[in-house]
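A note on names: the letters A, B, ... follow the listed sequences, proteins ahead of strands, and every chain is numbered from 1.
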2 protein chains.
Amino acid sequence: MLDTQMFFDKNRSAGYLVNHMARLFARELQARIAPLGLSTGTFPALLVLWETEGLTQRELVAALDIEQATMANTLTRMERDGLIVRRGDAADGRVQRVWLTPRARALRDPAVTAANTVNEAALGPLSKAERETFIDMMSRIIATRGTGRGPGDEPEGRQAAADG
Amino acid sequence: MLDTQMFFDKNRSAGYLVNHMARLFARELQARIAPLGLSTGTFPALLVLWETEGLTQRELVAALDIEQATMANTLTRMERDGLIVRRGDAADGRVQRVWLTPRARALRDPAVTAANTVNEAALGPLSKAERETFIDMMSRIIATRGTGRGPGDEPEGRQAAADG
DNA sequence: AAGCATTGCATAGCACGCTATGCAATTGTA
DNA sequence: TACAATTGCATAGCGTGCTATGCAATGCTT
C-alpha cells in the first residue's frame, strides 16, 4: 500500500495522531469505568469535585477548559444518574453549586485506579523517562494553545506545503 | 489553586492531557476548515480518499480505525454536503464505493494547508527534534494500543471475545 | 430608583464517536 | 441445490463536544 506520491502523511500529522490517541484512551477508559456506572465525560468533572465540592458551574468550566453549555449538559446527566445534586447559592440567585452524592464520593478510589491503569497501559511502550518527557511536551502544547497568532492578526495563509 | 492533598493530578495524567490536546487541535482545525465547508470528522476520510478514490466503506474504516457505524454516518453527511457520492459495486451488491465530487477534489490543497498550519502552530513550543520525538512517541502508543504487549507480540485478544 | 450591561445557567441544534441491532447480498457447506 | 454463516452497510440511540441563543438575577451608572 506504499503510496508513491504522499501529499500528506496522516501518520506523521500531530493533529491526526492526537485525535487517534484520544479515541484509544477514551475507549479504554470507557471500558474500565462503565462497570462503575461512570462515563468519560463525567470523569473530569468528578476529578475536580472530588477535590472540592460546592463549586459553581462556572468554576468547573474554568477548571476543565470545557464550554459552559457542555458542562451544563454533563451536569444534567450526572444529576440524572445520581452522581451530583445542584443547589442554588443563597447569596446569588443565578448560581447553582454542585455537590456530590455519597455514591459519587464512594466511586473515587475505584475510578482513579481505573484511570491509572489505563494510563500505565497506554504509556507502556515508553520508558519512565520518556513518559515524563511526553507529559511535559503535552503540557507545553496545551499551555501554549496554538497561540501563534489570532485571526486577523496578520495576512497569514502560506507556509511550505511540503510538511517537513 | 494549590491543592493540598492531591490524590490524582489530572495535569500529569496522560489520558486527561491527551483528551485536552485533542479538543484544542479540533477547535483549531474546525476554525480553519469551516470556511471551506469542511468539518473535523470528514477530514480524515478525505485524506484517504484524496489518495485513492473508489474505496469501500470497509476499507475506509480499516484505514482510519473508526467504527463502521461512525463511518456510515460520516459518509452520509459528506454525501449530503456534496463531497462524495456512493455508487454500488458492480460485482458485489453489498458494497458501496465512495467517490469524490469535483468540489471535494478541489478542496485538497487548501485543506491540507490548513491542517499543516494547525500542526505547526500547535507544535510551536517544541523544537524540531522534539517534534519528531513527540510524533514517534504517539505512533508507538497507538501501535501498542494499550494492550500491554508489543505490536505483533501475540495474536490479539483484547476483549473482542465479548462482542461476538 | 430606573435602565442598561453583565453574569450564570439552560436549551436548541448539530457533529462525531460509540454500541447494538437489523437486513440484504454473498459465501461456504452439507 | 438448499441453507446456514458471514459480510457490508444502514439505522437507532446515546454520550460528549461545540456554537448560538434566551433569560433571569445581579451589578453598574446615572
Side-chain angles (χ1 to χ4, degrees), chain A residues 16 19-31 33-34 37-46 55-62 64-81 83-84 86-98, chain B residues 15-16 19-31 33-34 37-46 55-62 64-81 83-84 86-98 159-160 162-164:
Chain A
Y16 179 79
N19 173 270
H20 195 172
M21 255 201 320
R23 286 187 286 112
L24 294 175
F25 268 94
R27 284 180 199 166
E28 289 293 324
L29 184 62
Q30 200 273 329
I33 63 179
L38 297 179
S39 57
T40 57
T42 67
F43 198 82
L46 286 172
L55 294 179
T56 69
Q57 198 183 102
R58 170 167 173 47
E59 287 168 333
L60 283 167
V61 161
L64 296 172
D65 189 20
I66 285 285
E67 290 301 317
Q68 175 268 320
T70 300
M71 182 57 67
N73 284 330
T74 298
L75 291 174
T76 296
R77 275 182 273 112
M78 292 175 77
E79 192 158 31
R80 178 201 65 191
D81 296 343
L83 293 169
I84 59 156
R86 287 192 256 209
R87 285 207 291 259
D89 185 279
D92 189 331
R94 295 167 300 184
V95 173
Q96 292 286 334
R97 294 193 175 272
V98 180
Chain B
Y16 179 80
N19 173 271
H20 195 172
M21 252 199 325
R23 286 188 286 111
L24 293 175
F25 268 94
R27 285 180 198 167
E28 288 292 324
L29 185 62
Q30 200 273 329
I33 64 180
L38 297 179
S39 57
T40 57
T42 66
F43 198 83
L46 285 172
L55 295 179
T56 69
Q57 200 182 101
R58 170 168 173 50
E59 288 168 331
L60 283 167
V61 161
L64 296 172
D65 189 20
I66 285 286
E67 291 300 317
Q68 175 269 319
T70 299
M71 182 57 67
N73 284 329
T74 298
L75 291 174
T76 296
R77 274 182 273 112
M78 291 174 77
E79 192 156 32
R80 177 201 66 191
D81 296 343
L83 293 169
I84 61 156
R86 287 191 255 209
R87 285 207 291 258
D89 186 277
D92 188 332
R94 295 167 301 184
V95 173
Q96 293 285 335
R97 294 194 174 271
V98 179
Q159 105 263 35
D163 76 11

Novice: Please identify each residue that fulfils salt bridge (charged side-chain N to carboxylate O under 4.0 Å, His left out) with Asp92(B), with sequence neighbours left out.
Specialist: Arg94(B)
Novice: Partners of Gln30(B) by side chain to side chain contact (heavy atoms under 4.5 Å, CB included), sequence neighbours excluded?
Specialist: Ala34(B), Thr40(B)
Novice: Restricting to salt bridge (charged side-chain N to carboxylate O under 4.0 Å, His left out), what partner residues turn up for Glu79(A), sequence neighbours left out?
Specialist: Arg86(A)
Novice: In terms of the nearest nucleotide of DNA chain C, which residue is placed more toward the 5' end: Gln30(A) or Gln57(A)?
Specialist: Gln57(A)
Novice: Rounding to a whole Å, what distance do you find between Gln68(B):CD and dT6(D):P?
Specialist: 17 Å
Novice: Rounded to the nearest Å, what distance is computed from the NE2 atom of residue His20(B) to the C1' atom of nucleotide dG17(D)?
Specialist: 13 Å
Novice: Could you tell me how far apart Ile33(A) (CD1) and dC18(C) (C1') are, to the nearest whole angstrom?
Specialist: 14 Å
Novice: List the residues meeting side-chain hydrogen bond (donor to acceptor under 3.5 Å, both in side chains) with Thr42(A), not counting sequence neighbours, and say none if there are none.
Specialist: none
Novice: For nucleotides 15-17 of chain C, give me every protein contact, N/O to N/O, under 3.5 Å, one pair per line with atom names.
Specialist:
from	atom 1	to	atom 2	distance (Å)
dA15(C)	OP1	Arg80(B)	NH1	3.4
dA15(C)	OP1	Arg80(B)	NH2	2.9
dC16(C)	OP1	Ser39(B)	OG	2.8
dC16(C)	OP1	Thr40(B)	N	2.9
dC16(C)	OP1	Thr40(B)	OG1	3.2
dC16(C)	OP1	Gly41(B)	N	2.4
dC16(C)	OP2	Ser39(B)	OG	3.0
dC16(C)	OP2	Arg77(B)	NH1	2.1

Novice: What is the distance, rounded to the nearest whole Å, between atom CZ of Arg97(A) and atom C1' of dC9(C)?
Specialist: 14 Å
Novice: Whole-Å distance between dT11(D) C1' and Leu75(B) CG?
Specialist: 14 Å
Novice: Identify, with sequence neighbours excluded, every residue that meets salt bridge (charged side-chain N to carboxylate O under 4.0 Å, His left out) alongside Arg23(A).
Specialist: none
Novice: Please identify each residue that fulfils salt bridge (charged side-chain N to carboxylate O under 4.0 Å, His left out) with Asp89(B), with sequence neighbours left out.
Specialist: Arg97(B)
Novice: For nucleotides 23-27 of chain C, give me every protein contact, N/O to N/O, under 3.5 Å, one pair per line with atom names.
Specialist:
from	atom 1	to	atom 2	distance (Å)
dA25(C)	O3'	Gly93(B)	N	3.3
dT26(C)	OP1	Gly93(B)	N	2.7

Novice: Just how far, in rounded Å, is C1' of dC9(C) from CD1 of Ile84(A)?
Specialist: 13 Å
Novice: Rounded at 0.5 Å granularity, tell me how far CE in Met78(B) sits from CG in Leu38(B).
Specialist: 8.0 Å
Novice: Among all residues two or more places apart in sequence or in another chain, which pass the side-chain hydrogen bond (donor to acceptor under 3.5 Å, both in side chains) test with Gln96(A)?
Specialist: none
